[in-house]
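This report concerns only the one structure given below.
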Amino acid sequence: MQLDDLQTIAEKHQASRKKFCLRTCMSAGCMSSQADVIKKNLESEVKTQGLEADVEVRRVGCMGFCGQGPLVGVDGHAQDGELFEHVKPEDAPAVVRSLTGGECALERGDPHHPFFAKQLRIVRANGGIIDPERIEDYIAAGGYVALHNALTELTPAQVIEQITRSGLRGRGGAGFPTGLKWSTVAKSPGAKKYIVCNGDEGDPGAFMDRSILESDPHLVLEGMAIAAHAVGADQGFLYVRAEYPLAISRLNLAIKQAKALGLLGGAIFESPFTFNIDIRIGAGAFVCGEETALMASVEGKRGTPRPRPPFPAESGLWGCPTLINNVETFANIAPILNRGADWYASLGTEKSKGTKVFALTGKIQNNGLIEVPMGIPLRQIVEEMGGGAPDGGSIKAVQTGGPSGGCIPAQHLDTPVDYESLVKLGSIMGSGGMVVMDDKTNMVEIAKFYMEFCMDESCGKCIPCRTGTVQMFRLLEKITARQATAADLAKLEELCDMVRATSLCGLGQTAPNPVLSTLRFFRHEYEELLQSDAHAAPPPATPA
Amino acid sequence: MGAKTLIIDGQTVSAENHVTILQAATDNGITIPTLCHLDGVYDVGACRLCLVEVKGSTKLFSACTTRVYEGMEVTTQSERLKKYRRMTIELLFAERNHVCAVCVANGHCELQALATSLGMDHVRYDYCFPKWGMDLTHPFLGMDDNRCILCTRCVRACWHIEGAGTKNVAGRGSKSHIISDLNEPWGDSETCTSCAKCLLSCPTGALFHKGDTVGESERDRSKLGYIVNAREKQQWIV
């Protein structure tokens with residue numbers, strides 16, 4: 001495999017294109033609404049109407065507008081990029097007829113809607129466009145050129161320099177500078193090093209990584225291979241949760257295809273570089289998204305975290321230096337090398353570069369997946385792109401960062417979405433979950449929901465997280481049942497501080513965040529639920 | 001350089017290279033409370049009682065897993081740390097069914113001793129009263145989940161001193177519990193060598209000799225240390 005061969009594959013693929021293309025979303029969301037039947041019906045309808053020479057029915061990944069699914073996009077039409085929404089299997093004849101100018105009363109989406117127009121798609125550029133199960137589609141979209149250039153034109157140090165200069169930060173949530181992490185692993189002594197991709201996305205309401213893996217698996221594989229070249233690793237592990245069977249099967253297929261073309265495995269691009277990727281499937285524990293727990297799980301042990309240091313960069317899988325990045329981080333790598341670090345660094349804000357994918361859910365008109373430039377005000381996301389709260393309600397708060405994050409109240413909606421601004425408001429960027437709450441939402445119930453989640457997902461290793469979350473949940477239950485007093489609220493706050501300061505890993509350290517952030521902005525909602533405290537000390541007498 | 005100089009609670013002490021804060025403190029007669037630590041088995045930093053403050057960082061560090069460095073300044077007894085430790089013990093007492101008055105380990109229990117030394121005289125949290133059972137299938141050993149604090153000392157002793165690998169943790173969060181083999185009755189275990197090292201490691205009355213009655217379960221933990229010494233340093237007591 002050489003660069004020429006990539007081009008030949010791409011050209012051959014372009015030449016096989018037909019006049020029209022019906023892009024059928026086959027991601028988990030649309031699949032759950034019979035997208036597979038829709039595709040089959042479209043194919044047989046194309047045959048029935050004798051349009052096989054002109055129409056291609058293509059399986060594609062997520063187009064983002066998941067709330068309007070199943071989606072079918074049309075290319076080659078007078079209105080290129082037309083989108084059919086809420087398509088049902090019996091709509092297939094009408095969709096196909098519309099290509100030849102036939103009547104079609106189906107629901108059409110507006111491709112210029114702010115939901116699409118305000119997006120900047122880098123990691124999701126191929127989502128909804130290419131067939132995730134065909135490597136030729138990815139190559140035709142410029143795939144694996146970045147890996148080729150990294151191997152033939154750039155030294156590992158130059159690759160790391162590019163990533164550092166791009167300003168990319170970890171998309172798993174904490175925002176650690178990616179280039180710095182890579183150079184630490186590259187400089188750690190050791191003959192054997194590993195690359196790990198964290199695909200154990202588990203925040204309630206978050207599905208960014210799933211969508212990337214389902215829609216563009218090769219993008220992640222290519223990013224991992226470039227990382228392996230940069231840090232000197234020859235083995236990678238892709239850790240995906242078992243709840244993502246479609247992502248797992250597409251990744252398995254993608255790895256097989258890449259190996260067959262010599263883009264993974266030994267002598268990649270006929271260089272001495274060898275890199276293999278194996279998939280490891282999580283068994284359903286949220287804590288395995290924490291890097292040390294994830295590595296224990298990859299090693300075949302019980303998935304529980306361990307204290308850091310040593311950090312994985314120094315001592316990770318089986319004691320070897322290990323680079324561990326999130327799916328979205330790896331998905332950014334090839335575009336950065338293709339278009340240059342300076343281009344990437346020109347996007348976003350001073351400290352948060354590039355774009356971020358969010359799963360926009362909750363009490364909002366337009367649900368789905370969006371990729372926006374860093375620094376975009378939260379208001380633009382929820383009001384313009386998301387269309388505000390449904391049924392004439394108003395937005396009360398936006399929750400970011402899942403169980404580790406917090407609720408940002410409506411008065412702070414003009415906050416730009418970047419790592420630092422969100423932390424200042426007591427939340428975090430997180431991996432990309434964005435749950436919108438309207439005026440009917442009770443914030444104490446929200447805090448209780450997240451606390452129950454953390455309580456259930458605590459691994460049980462350290463005492464503050466294992467027992468502290470139970471007690472905090474019980475106190476929240478007591479409050480929502482209107483049985484608590486001010487003393488209970490004080491106890492809750494004391495526990496929040498203790499669990500945050502003393503827990504072993506990030507799960508416990510951030511478990512109190514949903515309570516702390518709702519207490520900060522919606523304290524009155526807690527206080528309204530309190531009983532008068534008969535045993536409380538009387539207020540100090542005011543001096544005369 | 002073979003040794004490090006550091007300050008623990010205002011006292012300048014020397015420590016061997018690569019030792020943990022806990023070891024350095026112990027060697028110099030400074031006591032840091034611990035529960036999951038046990039001489040002879042590796043540390044996991046799980047109980048969070050040995051958390052200490054290190055100057056220059058806002059985070060707390062577990063003394064049993066953090067290595068010393070030159071010029072390190074450690075505080076082991078601030079008001080904040082004492083409060084957290086007391087709360088940790090309170091949380092443990094509320095978690096399962098710890099009834100000292102009827103416990104084999106009464107008077108020899110590390111949990112009880114810590115509660116006393118940390119000044120935890122009452123529990124402010126709701127007791128959970130979980131329904132845990134006992135495993136009395138082993139011929140002469142017993143396990144009472146109601147008294148277990150999940151320090152995993154028995155698991156580590158079983159795997160890394162005895163090498164049997166019988167004891168393990170199952171479940172997660174508050175449902176975590178110690179099991180034998182693949183959650184089988186202890187008495188049916190084909191891997192258990194009945195060495196009772198788990199019993200020697202247990203800080204509470206969760207693991208006990210059948211037939212022991214209240215306050216009779218005294219343990220000689222130094223035995224574990226001898227075994228490890230013998231193995232690692234080839235020092236045998238004749």
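Remember, it's a predicted structure, so these values are computed and weren't measured experimentally. Below, each value reflects all heavy atoms present in this structure, side chains not excepted, and no hydrogens, waters or symmetry copies. Numbered from 1 within each chain, the chains take letters A, B, ... in sequence-line order.
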*asked:* When you compare the side chain of B:Val44 with that of A:Arg306, does any pair of heavy atoms fall below 4.5 Å?
replied: no
*Which atoms of B:Cys36 come close to chain A, meaning under 4.5 Å heavy atom to heavy atom: side chain ones, backbone ones, both, or neither?*
neither
*Considering only heavy atoms and a distance below 4.5 Å, find which of A:Cys459, A:Ser503, A:Pro310, A:Gly468 pairs most often with chain B.*
A:Cys459
*Counting heavy-atom pairs under 4.5 Å to chain B, which of A:Glu457, A:Met455, A:Gln509 comes out on top?*
A:Glu457
*Given side-chain contact (heavy atoms from CB on, under 4.5 Å), test A:Asp497 with B:Lys83 step by step and report yes or no.*
CA-CA 11 Å; A:Asp497 167 59; B:Lys83 179 179 140 192; 4.3 Å; yes
*CZ/B:Arg85 to CE/A:Met498 distance, rounded to the nearest 0.5 angstrom?*
11.0 Å
*B:Arg48 side chain to A:Pro464 backbone, donor-acceptor under 3.5 Å*: no
*Between B:Gly45 and A:Pro307, what is the shortest heavy-atom contact and its length?*
CA-CG, 4.3 Å
*Check whether more than 12 heavy atoms from other residues, nucleotides or ligands sit under 6.0 Å from atom CZ of B:Arg221, and answer yes or no.*
yes
_At a heavy-atom distance under 4.5 Å, which candidate from B:Thr66, B:Thr152, B:Leu92, B:Leu35 has the highest pair count against chain A?_
B:Leu92
*Would you sort out whether B:Tyr125 and A:Lys491 count as a side-chain contact (heavy atoms from CB on, under 4.5 Å), showing the intermediate values?*
CA-CA 9 Å; B:Tyr125 306 114; A:Lys491 232 191 280 182; 3.8 Å; yes
*Flag the pair B:Leu91 / A:Leu495 as yes when at least one side-chain heavy-atom distance between them is below 4.5 Å, and no otherwise.*
yes
*When rounded to the nearest 0.5 angstrom, what distance separates CZ in A:Arg474 from OH in B:Tyr127?*
12.5 Å
_Options B:Leu51, B:Asp126, B:Thr65, ranked by heavy-atom pairs under 4.5 Å with chain A, top entry_ = B:Asp126
*Mark yes when over 12 heavy atoms from residues, nucleotides or ligands other than B:Glu16 sit less than 6.0 Å from its CD; otherwise mark no.*
no
_Just so I know, are the side chains of A:Gln471 and B:Arg124 near enough to count as touching, which here means a heavy-atom distance under 4.5 Å?_
no
*Do other residues, nucleotides or ligands put more than 12 heavy atoms under 6.0 Å from A:Lys192 NZ?*
yes
*Please round to the nearest 0.5 Å and tell me the distance separating atom CZ of B:Arg80 and atom OG1 of A:Thr502.*
9.0 Å
*Could you walk me through whether A:Arg466 and B:Glu95 pass the side-chain contact (heavy atoms from CB on, under 4.5 Å) test, one step at a time?*
CA-CA 9 Å; A:Arg466 183 183 77 227; B:Glu95 185 182 27; 2.7 Å; yes
*List the steps and the verdict of side-chain contact (heavy atoms from CB on, under 4.5 Å) for B:Ser174 and A:Thr467.*
CA-CA 7 Å; B:Ser174 56; A:Thr467 64; over 6 Å; no
_Within a 6.0 Å radius of atom NZ on B:Lys82, are there more than 12 heavy atoms belonging to other residues, nucleotides or ligands?_
yes
_Can you tell me which of B:Leu60, B:Val169, B:Thr88 forms the most heavy-atom pairs within a distance under 4.5 Å of chain A?_
B:Val169
*Euclidean distance, A:Arg308 CZ relative to B:Phe61 CZ, rounded to 0.5 Å*: 11.5 Å
*asked:* Quick check on the interface: out of B:Ala46, B:Cys151, B:Ser176, who has the most heavy-atom pairs with chain A under 4.5 Å?
replied: B:Ala46
